[in-house]
Amino acid sequence: MKSKGAAVQNNPHTTLITAEAPVAANTHGGRAKCLQRLVRLDFPVPRTVALSFDAVQRIAGGQVPDIAAILEQFDEAALLCVRPSSEDPDWGGPGAILNIGMNDARYVDLSDEMGNEAAAALSLRFVQSYAIHVARLDADVFDDIEADGLEGLRQSLRAYEDETDEPFPQDRGEQLVAVLRSMARAWDGTSARLLRQAKGAPADAGLGLVIQEMVPGVGQGECGSGVLQLIDPTTGLQQITGRYLSQSQGRDALGEGVAALYLEKDPRGKSLEEVAPKAFAELKAHAAIMREKLREEMQVEFVIENGHVHILDGVRVQRSARAAMRIAVRLAEDGIIPQQEAVMRVDPHSLNELLHRQVHPDARRDVLTTGIAASPGAATGNLVFTAAEAQASAARGEPCILVRRETSPEDVRGMHAAVAVLTEKGGMTSHAAVIGRGLGLPCIVGASEMRFQTKEKMLTAQDGRVFKTGDKLTIDGTSGQVLAGQPAMLEAALDDCFQTLMSWADAERDIEIRANADTPADAQTARNFSAQGIGLCRTEHMFFDPGRLIVMREMIFAQTSSGRAAVLERLLPMQRADFVQLFRIMEGQPVCIRLFDPPLHEFLPTTRSGQRELAEALDLPVSDVERRVAEMTEYNPMLGLRGVRLGITVPEIYDMQARAIFEATLEASEEGALVVPEVMIPLVSAKREVELVKSRIDTVAASVAAERGQEFEYRLGVMVETPRACLRADEIAPQTAFLSFGTNDLTQMTYGLSRDDAGRFMSAYVRQGVFAEDPFHVLDPDGVGELLKLGSERGRRVQPDVTLSVCGEHGGNPESIAICRDLGFDYVSCSPFRVPVARLAAAQLAISSRLGG
Ligand code: PEP
Ligand code: MG
């Protein structure tokens, strides 16, 4: 039979897999290449023919392959299987079709070999799978067939003939052509395309197919088939797992036909190791060799025939994010791959999955329903019912849960903005589930026991409780439970493997990673994730605390500068205590505190009842409160009296904040590491703004030092978030120690695109290719990127030592970090949970640029 190779080998698109055959992953796919490697390792692999991407494309286009040349490669009586072979196995492909060649005559032969029941079962499976996947009949055609065995087979064949008006094909070649055509075309289908693109496949990704001779796996000795791997795919820990279906005892003896022979015992009370110790040892050895030579944890697909092992395939073990990390680290620790490669192998985005919080095991759970746990991790947020609302909520810095009946590509922007997703419909592979997992976003799908009235923006639990926009729920994507309220959370487990990988990454990295942290809890998370400091502390968040809000409102209502200063005196100790806490947690690491940024009216009550409450607290008539609120209303508050403009016109606020920072500096430095605070001025657009604020802050610093009789250092910097500040960076930089680019506002102002409203049309813009990506998510390399370049170059030209950084949301996005690194920035700062993602992404950038990538 070996001599038959010539016809196929002469055809570059249809190749018998031998050790020397020209087979490559980028022409024939990963599975074909892997099979060739197994052949080269002298593994007992059945004969296999690989069809190239080109050949499959031609088949999809209607060309009939040279089926005679292909069949010549195989034993005349052999049954065949066809499996997909995409370039990257993770991109998937149509399901395999087994037992091609099964027909009436083969059924008779097989009945002699394996008995009627087993032959009928095998035949029945082929007929139904061919009917559904190749002839494209509805699966429910077979719903009413209850009989199995020969009777089930007869009824299935009759159903096939009724539906197609044709007899079931008997010819192996005819069956094979139809299988190849249907698999080739399935690859071009819209849902297959979307699914693989969600996994990173390019639009024109090719599909190869492999045709393999099936090993009958029947005989007098131990026979059966199964899969084996050396690790647990969820944890990545060493643990032989898999399953094995023994033919020797007949299907009935094994119940459903599948028995896990390694952990559980089969109905005979014996494990594979006991039934076929030699085969078991061989399989383990093969798996270990595969791991070493293929430099990967592989799942071995095998058949045992009369005690002899045949290896049908080796597939990269499907794995959770946690397992992927452990596998990479262990391969490096075992000297199979270098540490750098382990760092390169872990997708930074996938870290989200193992970094997410979980509901604390001891927390009380107010369970509203249980759906399908589609993406792990737990998150609490306010309900929103549209993608646009989700984006607006994220832009306001409010965590939200996106509730949809089901999601579609238009919702992806909203999913990016949400902390969790909940859908009524769908399963593990539905759009929400696939995208949710890709984003590492806690996600529950199929929560159909709840009533979803998304138009009315209402969600009703089975017990009648109604939840509306803004109400707080918790999504536990690990258990599938939807919980009312906000249970206690457990921070993600940072096990040894994580720490090891991160330490390898840190050794490679050449840009620092800080965290944006507003609260002591954020700061602690930042420390846990080894952030190298706080890059942005948004101080205004400290004033939203209920006890402080009222004092803040009093300050806003003060008519005179001295009145204002008096109220600020009361806020001073509160701010000082906040900063002391932050400094203590950060233990001498840099902490960059941004002075007050938002428009003051954000602190005023908007509802009548809120205004009445404030009037009571201030002992003023409601009309006074209403008037003051009306006076403060701005047409365009984000471009109005906020940021440094407040610092210039209401300077007492910055004075108080500077004093709080400096007093806290001295207090925290007394017992702990020396603190050198960084004070950042937001929304600067002119040099004079910096001069004015700087001189006041220097004055406060001098007063504090004189009062306390103690000197201290501090660094004053500017937040570059207006296009003008970028353009005039050469005027601004000489007065500052650092320039930190606030790319959220900078993107808003560069595009003239409201951060809060862009969600309404962002998906249309991205869909129609106006923007390649949402520029609030991935830094725009051309426009905003050019401003970053101008600003950093102009700043450095006049002040070579100026520290450069990004502190907008982009700081945690791998693609945006690449831009900052290329510009020679000193650090990026991102939300605490994105710090590991940023550390790993930055390390990968450093490694690939060293490798010339
Ligand atoms: C920014 O504008 O990029 C920024 C970090 O500040 P904020 O999001 O608070 O406006
Ligand atoms: Mg800003």
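Indexing begins at 1, ligand by ligand and atom by atom, following the structure's order.
With contacts defined as side-chain heavy-atom distances shorter than 4.5 Å, the pair Arg821/Ser849 qualifies.
Within a 6.0 Å sphere centred on NZ of Lys472, heavy atoms belonging to other residues, nucleotides or ligands number more than 12. Counting non-hydrogen atoms of other residues, nucleotides and ligands closer than 6.0 Å to CD of Glu613 gives a total of 12 or fewer. The number of heavy-atom neighbours closer than 6.0 Å to OH of Tyr751, taken from other residues, nucleotides and ligands shown, is above 12. Residue Glu631 qualifies as enclosed at atom CD: its count of foreign heavy atoms under 6.0 Å is above 12.
Remark: side-chain polar atoms of Arg628 are paired, donor with acceptor, to backbone N or O of Ile556 under 3.5 angstrom.
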**OP:** Evaluate the criterion side chain to side chain donor-acceptor pair (under 3.5 Å) for residue pair Gln532 and Gln589; output intermediate values, then yes/no.
**Re:** CA-CA 7 Å; Gln532 291 163 291; Gln589 285 193 325; over 6 Å; no
**OP:** Could you check Leu790 against Leu727 for side-chain contact (heavy atoms from CB on, under 4.5 Å), going step by step and ending with a plain yes or no?
**Re:** CA-CA 7 Å; Leu790 279 179; Leu727 297 170; 3.7 Å; yes
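With Tyr827 as the aromatic partner, Arg514 meets the cation-pi criteria of under 6.0 angstrom to the ring centre and within 45 degrees of the ring axis.
Excluding waters, the set of protein N, O or S atoms lying under 2.8 Å from the Mg ion (ligand 2) comprises Glu721 OE1, Asp745 OD2.
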N/O pairs closer than 3.5 Å, ligand 1 and protein:
unit_1: ligand 1; atom_1: 2 (O); unit_2: Glu721; atom_2: OE1; d: 2.9
unit_1: ligand 1; atom_1: 2 (O); unit_2: Asp745; atom_2: N; d: 2.9
unit_1: ligand 1; atom_1: 2 (O); unit_2: Asp745; atom_2: OD2; d: 3.1
unit_1: ligand 1; atom_1: 3 (O); unit_2: Gly742; atom_2: O; d: 3.2
unit_1: ligand 1; atom_1: 3 (O); unit_2: Thr743; atom_2: N; d: 3.0
unit_1: ligand 1; atom_1: 3 (O); unit_2: Asn744; atom_2: N; d: 2.7
unit_1: ligand 1; atom_1: 3 (O); unit_2: Asn744; atom_2: ND2; d: 3.4
unit_1: ligand 1; atom_1: 6 (O); unit_2: Arg594; atom_2: NH1; d: 3.0
unit_1: ligand 1; atom_1: 8 (O); unit_2: Arg538; atom_2: NH2; d: 2.8
unit_1: ligand 1; atom_1: 8 (O); unit_2: Asn744; atom_2: ND2; d: 3.0
unit_1: ligand 1; atom_1: 8 (O); unit_2: Arg755; atom_2: NH2; d: 2.8
unit_1: ligand 1; atom_1: 9 (O); unit_2: Arg538; atom_2: NE; d: 2.7
unit_1: ligand 1; atom_1: 9 (O); unit_2: Arg538; atom_2: NH2; d: 3.4
unit_1: ligand 1; atom_1: 9 (O); unit_2: Arg594; atom_2: NH1; d: 2.9
unit_1: ligand 1; atom_1: 9 (O); unit_2: Arg594; atom_2: NH2; d: 3.0
unit_1: ligand 1; atom_1: 10 (O); unit_2: Asp745; atom_2: OD2; d: 3.0
unit_1: ligand 1; atom_1: 10 (O); unit_2: Arg755; atom_2: NH1; d: 2.9

